[in-house]
There are 2 protein chains.
Amino acid sequence: MGAETPTPGRPRTFDEQTVLDRAAEVFWQQGYEGASLSSLTKAMGINRPSLYAAFGSKEELFKRAFDRYHETNLANARAALEQPTAYAAIEAFLRASADNLTAGGHPAGCLSIQGGLACSPENARISEILAAGRAATEAALEARLSRAAKEGDLPDGLDSRALARFVMALSEGHAVHAAAGASREDLQASVDVAMRAVAALHPGSAPAASA
Amino acid sequence: MGAETPTPGRPRTFDEQTVLDRAAEVFWQQGYEGASLSSLTKAMGINRPSLYAAFGSKEELFKRAFDRYHETNLANARAALEQPTAYAAIEAFLRASADNLTAGGHPAGCLSIQGGLACSPENARISEILAAGRAATEAALEARLSRAAKEGDLPDGLDSRALARFVMALSEGHAVHAAAGASREDLQASVDVAMRAVAALHPGSAPAASA
DNA sequence: TCACTTCTGTACCGAGCGGTATAGTCGAGG
DNA sequence: CCTCGACTATACCGCTCGGTACAGAAGTGA
């Protein structure tokens, strides 16, 4: 919205999106509760009053940073769902996730999980926000697979909701591995196993992979 | 070790294992950094000096609580690996994990993950300890599957290390789901999908499950 | 040039953190 | 029974937390 206001007073010396990216990286690496205001402001290159004037509170800053993370870092995973078949969509989703989780230029793993799976009661909202983000991704996955089911692109009797949860869980597990230092190759090998199994499950829609 | 010392002074009024269980639950629910000394001592029913006399520091308390957690709460998952076939071992492992993650009597999910995937730099040791615990479980899984490979109990060309990582990742993903409130049935449905896929992958060693 | 508005930087706030000194309490051995 | 030693409880330590008051700086419009 009003991002084009005619600037009544002194303009900011920092770009909002840029400092949000820096903040996201700190939350990503240290978790919400581990990320202190000092480390955040240091990484963002601004001081506390600027931070509070721009974002209001640590929690609001986190929400904004997480939203931006979702927009940017998960775009290719969402795009993967547009593959023509369910099999291709699942593989593209898992491959893109594995690449994201181990890509350079940002911390390993996934902010949605490292940000704070378990928090103290006063920060319980953070866990809920992260869980809602993951649930949205899983819902998108399920919607895609549900469409596949209607198109006859899924093995009979396979529940699209359970399949979406399976794929999402695998991806989340890869995030846990990545946070602990697993390499891209490690994760892709796991995806190889998963896709070989899914291919066996539904030979019709998979590329030829006979043993 | 010396649990049978002849009691030189005044005896403790609390049982060490019992208070470790309480401490584990707090860490489990709130994470290492979210768990304050106040909430820990309250849950354990002892005061700070007793805690420090018995365990030395918050970090040592965590290590002890985590060790005990490993002994008790993961016993059935380890036992699952003793199943006669690789297929049965994987299924038993995933089923036991899903049950553990959603069982009553303790917080949902898994301390190995909720305890602190990402911590501030000064608590980086905690993440490492948890990662080592998960790696040990994965190593046990891999050892079992490696044995299966030698016994011809694994499809040709299937890497036991990658398969172990796949199974472990799925289980960790289920833990993430459980932490966010997924039910036992939700997780078991995901296991159903996984086992159906693994069965298709290796029909020989799976129970008949034709659609 | 000058008011006006918004930003920046320093210095600070109360609260809670992890950890401890100290004094009192209580059970066992001589 | 009394001394000893390890326990418990209160009250406190320095420090860092998230958050803010205030004064000075700096662009804009008249």
Side-chain angles (χ1 to χ4, degrees), chain A residues 2-20 22-23 26-27 30-65 115-116 118-126 129, chain B residues 2-16 18-20 22-23 26-27 30-65 115-116 118-126:
Chain A
E4 307 285 348
T5 27
T7 324
R10 177 179 177 180
R12 276 189 186 138
T13 60
F14 62 89
D15 176 63
E16 203 167 285
Q17 305 302 325
T18 303
V19 300
L20 279 176
R22 299 288 160 277
V26 176
F27 286 130
Q30 309 191 9
Y32 180 79
E33 300 193 312
S36 68
L37 263 289
S38 298
S39 55
L40 284 166
T41 52
K42 185 176 175 185
M44 297 165 82
I46 65 179
N47 3 53
R48 281 153 194 249
S50 299
L51 191 159
Y52 277 84
F55 305 108
S57 72
K58 188 185 179 187
E59 180 173 332
E60 282 299 320
L61 170 66
F62 180 82
K63 287 183 194 168
R64 296 282 305 276
C119 290
S120 64
E122 69 208 35
N123 293 321
R125 287 281 308 156
I126 302 299
I129 291 167
Chain B
E4 307 285 346
T5 27
T7 323
R10 176 179 175 181
R12 277 190 184 136
T13 60
F14 62 88
D15 177 62
E16 203 166 287
T18 303
V19 301
L20 279 176
R22 299 288 159 278
V26 176
F27 285 129
Q30 310 192 7
Y32 180 79
E33 300 193 311
S36 68
L37 263 289
S38 297
S39 55
L40 284 166
T41 51
K42 185 175 175 187
M44 297 164 81
I46 65 179
N47 5 50
R48 280 154 194 250
S50 299
L51 191 158
Y52 277 84
F55 304 108
S57 71
K58 188 184 177 187
E59 181 172 333
E60 282 299 321
L61 170 65
F62 180 81
K63 287 184 195 167
R64 296 283 304 277
C119 290
S120 65
E122 68 207 36
N123 292 322
R125 288 280 309 155
I126 301 299

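Reminder, nothing fancy here: chain letters follow the sequence lines and each chain counts from 1.
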### Query
Rounded to whole angstroms, how far apart are CD1 on B/I126 and P on C/dG18?
12 Å
### Message
What's B/A35 touching, base or sugar-phosphate or nothing? Going by heavy atoms closer than 4.0 Å.
### Response
sugar-phosphate
### Query
Over how many whole Å does the gap from B/F14 atom CZ to D/dT8 atom C1' extend?
10 Å
### Task
Determine: side-chain N/O of B/Y52 to OP1/OP2 of C/dG19, distance under 4.0 Å, yes or no.
yes
### Task
Using only side-chain N and O atoms of B/S50, determine if any of them is under 4.0 Å from OP1 or OP2 of D/dC7.
no
### Task
Would you tell me if any nitrogen or oxygen in the side chain of A/S38 comes within less than 4.0 Å of OP1 or OP2 on D/dC17?
yes
### Task
Mind running a 4.0 Å heavy-atom check of residues 40-48 of chain B against DNA chain D and sending the residues that fall below it, in number order?
B/N47
### Message
Closest approach to the side chain of B/S36, judged atom by atom: which nucleotide of C/dT8, C/dG18, D/dG18 is it?
### Response
C/dG18
### Query
To the nearest Å, how far apart are A/R12 CZ and C/dT5 P?
18 Å
### Query
Which whole-number value in Å describes the distance from A/E122 CD to D/dC17 C1'?
10 Å
#### Entry: d(CD, B/E33; P, C/dC17) in whole Å
13 Å
### Query
Given that A/K58 and A/P49 both sit by DNA chain D, which one's nearest nucleotide is further toward the 5' end?
A/K58
### Query
Given C/dC7, is OP1 or OP2 found less than 4.0 Å from the side-chain N or O atoms of A/T13?
no
### Query
If you take atom types as modelled and just measure distance, does the side chain of A/R10 reach the base of C/dT5 with a donor-acceptor pair under 3.5 Å?
no
### Task
Please state how far atom CG in B/L51 lies from atom C1' in D/dT8, giving the value in whole angstrom units.
13 Å
### Query
Hey, which of B/E33, B/E59, B/K58 is the one that makes side-chain contact (heavy atoms from CB on, under 4.5 Å) with B/I126?
B/E59
### Summary
Note: B/A43 and B/V26 closest approach over all heavy atoms is CB-CG2, 3.4 Å
### Task
Please state how far atom CG in B/N123 lies from atom C1' in D/dT16, giving the value in whole angstrom units.
13 Å
### Query
With a non-hydrogen cut-off below 4.0 angstrom, is B/F55 in contact with a base, only sugar-phosphate, or nothing?
nothing
### Query
Is a donor on one side and an acceptor on the other found under 3.5 Å between the side chain of B/D15 and the backbone of B/T18?
yes
#### Entry: Atom-to-atom span, CD of B/E60 to C1' of C/dG19 - whole angstrom
15 Å
### Query
Between CZ of B/R12 and OG of B/S50, what distance do you get to the nearest 0.5 Å?
8.0 Å
### Task
Of all the heavy-atom pairs spanning A/T41 and A/L51, show the shortest one and how long it is.
CG2-CD1, 3.8 Å
### Task
List the atom of B/L40, the atom of B/A35, and the distance in Å for their closest heavy-atom pair.
CD1-O, 4.2 Å
### Message
Classify the ring geometry of B/Y32 against B/F62: parallel below 30°, tilted from 30° to 60°, perpendicular beyond 60°.
### Response
perpendicular
